[in-house]
Structures are given as C-alpha cells and as structure tokens.
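Just so it is clear, the model here is predicted, and its values are computed rather than measured.
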Amino acid sequence: MTMTSVDKAIERKLFSERFKKALALRNHSEKSLGELKELFGVSRTLIHAWLHGDGVASVRTASIICEKLTISFEWLLTEIGRASCRERV
C-alpha cells in the first residue's frame with residue numbers, strides 16, 4: 001500500500017505530537033534545539049522538523065530517542081500502547 005502525500009503529512013503531524021509528549025514526560029520540553037541535538041546526536045534541523053511536523057525520525061534515530069527518553073519504540077512510531085511503563089494512564 002502506497003502512502004499518499006496526505007497520509008505522509010498526517011504521519012509527520014502525529015509523530016510530532018508523540019515526540020513532544022515524550023519530551024514533556026521526561027521534562028525535556030523546555031530544552032533548546034542545541035540541547036536536544038546533543039541528547040539525540042542529530043542536527044538541529046532534524047529536531048526542528050520533528051517538533052513542527054515536517055519529518056519523522058528514521059528507525060535508527062527513533063531507537064536512540066526511545067533509549068534516551070525511556071519510552072516505547074512502538075508507541076513513538078505508531079501510538080500503539082503507552083509511552084512508557086512510568087506513564088500513568
């Protein structure tokens with residue numbers, strides 16, 4: 001099944017929302033782009049894209065994000081399950 005440009009835009013927006021929620025869960029939402037760049041080992045441009053719904057992390061980078069924030073890989077990429085075992089539902 002091929003994703004349309006609308007599907008890709010929705011995927012980017014949903015990833016952005018989950019990424020921001022994960023940052024908030026771990027008290028990183030007030031960090032600068034430079035601090036997040038250092039934390040995840042990626043460019044400021046990528047961080048900015050994720051925060052503004054202009055991109056989705058690669059599988060490798062998503063894995064790093066999940067490790068650093070101790071969140072669920074499956075949740076970050078698909079929103080299935082809970083963000084983490086520490087989150088209260």
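Ser32 contributes atom OG, which lies 3.5 Å from atom CD of Glu35 (distance to the nearest 0.5 angstrom). Going from atom OG of Ser72 over to atom CZ of Arg18 covers 10.5 Å, rounded to the nearest 0.5 Å. In this structure, the separation between CG on Leu69 and CG on Leu23 is 6.0 Å, given to the nearest 0.5 Å. Atoms CG and CD1, on Leu33 and Ile47 in that order, are 7.0 Å from each other to the nearest 0.5 Å. Atom OG1 in Thr70 sits 13.0 Å away from atom CD1 in Ile65 (nearest 0.5 Å).
Using a 4.5 Å cut-off on side-chain heavy atoms (C-beta onward), Trp50 and Thr61 make contact. No side-chain heavy atom of Leu46 sits under 4.5 Å from any side-chain heavy atom of Lys37.
Summarising the geometry of Phe73 relative to Cys66, their closest heavy-atom pair is CA-SG, 3.3 Å, with the distance given to 0.1 Å. Between Asp7 and Thr2, the closest heavy-atom pair is OD2-O, 4.5 Å.
In this structure, Ile64 stands alone, with no Ile, Leu, Val, Met, Phe, Trp or Tyr side-chain heavy atom under 4.5 Å from its own, directly or through other members.
Remark: Lys68 engages no residue in a side chain to side chain donor-acceptor pair (under 3.5 Å) (not counting sequence neighbours).
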Practice item. Tell me, with the steps shown, if Lys21 and Glu17 meet salt bridge (charged side-chain N to carboxylate O under 4.0 Å, His left out). Key: CA-CA 6 Å; Lys21 182 176 181 180; Glu17 290 171 4; over 6 Å; no
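Using the six-membered ring where Trp is involved, Phe40 and Phe19 have ring planes that are tilted, between 30° and 60° apart.
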